[in-house]
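Structure record follows, encoded as structure tokens.
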Amino acid sequence: MWGNSLMHIVIMGCGRVGAALSKTLENQGHTVAVIDQDPTAFRRLGSGFGGRRVTGVGFDQDTLREAGIEDAGAFAAVSSGDNSNIIAARVAREMFGVDNVAARIYDPRRAEVYQRLGIPTVATVRWTADQMLRRLLPSGAEPLWLDPTGGVQLAEVHISPSWVGHRVSRLQQESGTRIAFITRMGEAMLPDSGTVLQEGDLVHALMRCDQVGDVEAAFDRGPEEAS
């Protein structure tokens, strides 16, 4: 997990989505480089943006190097083209070793293919800036809802790959949580006692606010070590 540590992040695509992500991430203290083929697109960043503006194709290796991909902790492909996004994400991961990548897609039917390639995707139909930020900056339990008393929260929690293939019921038992729903291949689903966790699942859990640390530890350790 990256936790809350600051990092360099490269974003391909300076449309409305890319510009919003770039400014949000910079405001959080990260360094940001934005790539776009159209130099006029950088106007969306505004004069206050202090990151790099790189004109070029987002899956070109020289362009990526100019954007600082070799020092990047995360990469987001949010251009208007599915193929360009997935190619760029694969180049960032496979050529430059960036583990934390995410690609925006327009055709949800391609999501399963992309997931099999190990590239987390966000389908445009269900896309929000908040979702993409959670892909880029997984920091354990990110609160999605908090009850008025401040005692219980709903959060998206990172799970260890070792939970894959195990039942949701076991995850609940060993972490002391209630799994509210799972996002799988861009679709939300309500798990039952027989639901088995799959690679790429995003787990949304209900927990007491005072047990967040214990829940994160149980989710991160995996079933073999969880108490």
Side-chain angles (χ1 to χ4, degrees), residues 1-15 17-36 42 44-45 48-79 84-105 114-115 117-122 127-144 155-162 183 199-203 212-213 216-217 219-222:
M1 274 185 284
W2 287 106
N4 294 317
S5 59
L6 299 179
M7 67 179 90
H8 180 59
I9 300 171
V10 178
I11 295 174
M12 168 187 156
C14 196
V17 169
L21 271 175
S22 301
K23 289 185 282 189
T24 299
L25 289 165
E26 186 176 61
N27 288 339
Q28 291 180 1
H30 303 283
T31 60
V32 181
V34 189
I35 300 171
D36 202 286
F42 298 127
R44 295 186 178 92
L45 295 170
F49 179 72
R52 303 184 207 176
R53 300 167 174 84
V54 180
T55 303
V57 179
F59 48 81
D60 176 75
Q61 293 184 38
D62 289 336
T63 300
L64 286 166
R65 287 192 182 94
E66 186 179 348
I69 194 69
E70 292 167 316
D71 299 315
F75 175 81
V78 293
S79 77
S84 297
N85 286 343
I86 200 62
I87 291 170
R90 292 192 68 185
V91 169
R93 170 168 286 176
E94 296 169 14
M95 299 297 297
F96 294 100
V98 181
D99 291 327
N100 205 23
V101 301
R104 180 192 191 191
I105 62 170
Y114 296 162
Q115 293 281 4
L117 295 173
I119 306 296
T121 58
V122 178
W127 197 93
T128 68
D130 191 49
Q131 284 178 315
M132 182 61 81
L133 283 169
R134 286 199 297 274
R135 302 299 187 282
L136 294 177
L137 306 173
S139 55
E142 291 293 326
L144 303 175
E156 179 182 304
V157 191
H158 169 82
I159 62 170
S160 165
S162 59
T183 303
E199 185 176 357
D201 281 355
L202 300 175
V203 176
V212 172
E216 289 182 354
F219 275 47
D220 194 48
R221 281 195 303 264

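All of these numbers come straight from a predicted model, not from anything done at the bench.
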Heavy atoms only: give me the nearest [X]-[Y] pair and the separation to one decimal.
X: V57; Y: I35; answer: C-CG2, 4.3 Å
X: V101; Y: A92; answer: CG1-CB, 4.2 Å
X: A89; Y: A103; answer: CB-CB, 4.3 Å
X: G13; Y: V34; answer: O-CG1, 4.1 Å
X: L45; Y: K23; answer: O-CD, 3.5 Å
X: G29; Y: L6; answer: O-CD1, 3.6 Å

Could you tell me whether the side chain of [Y] reaches within less than 4.5 Å of the side chain of [X], counting heavy atoms only?
X: R53; Y: C14; answer: no
X: F59; Y: R90; answer: no
X: I9; Y: L21; answer: no

Working to the nearest 0.5 Å, report the span between [atom1] of [X] and [atom2] of [Y].
X: D71; Y: F96; atom1: CG; atom2: CZ; value: 11.0 Å
X: M12; Y: I69; atom1: CE; atom2: CD1; value: 11.5 Å
X: I87; Y: D60; atom1: CD1; atom2: CG; value: 12.0 Å

I'd like to know if the side chain of [X] reaches the main chain of [Y], judged simply by a donor and an acceptor atom lying under 3.5 Å from each other, with no hydrogens or angles considered.
X: R52; Y: E66; value: yes
X: E26; Y: V32; value: no
X: H30; Y: T24; value: no
X: D201; Y: V203; value: no

Which residues satisfy the side-chain hydrogen bond (donor to acceptor under 3.5 Å, both in side chains) test with N85, sequence neighbours excluded? S79
Run the side chain to side chain contact (heavy atoms under 4.5 Å, CB included) check on V54 and V10 step by step: do they pass? CA-CA 10 Å; V54 180; V10 178; over 6 Å; no
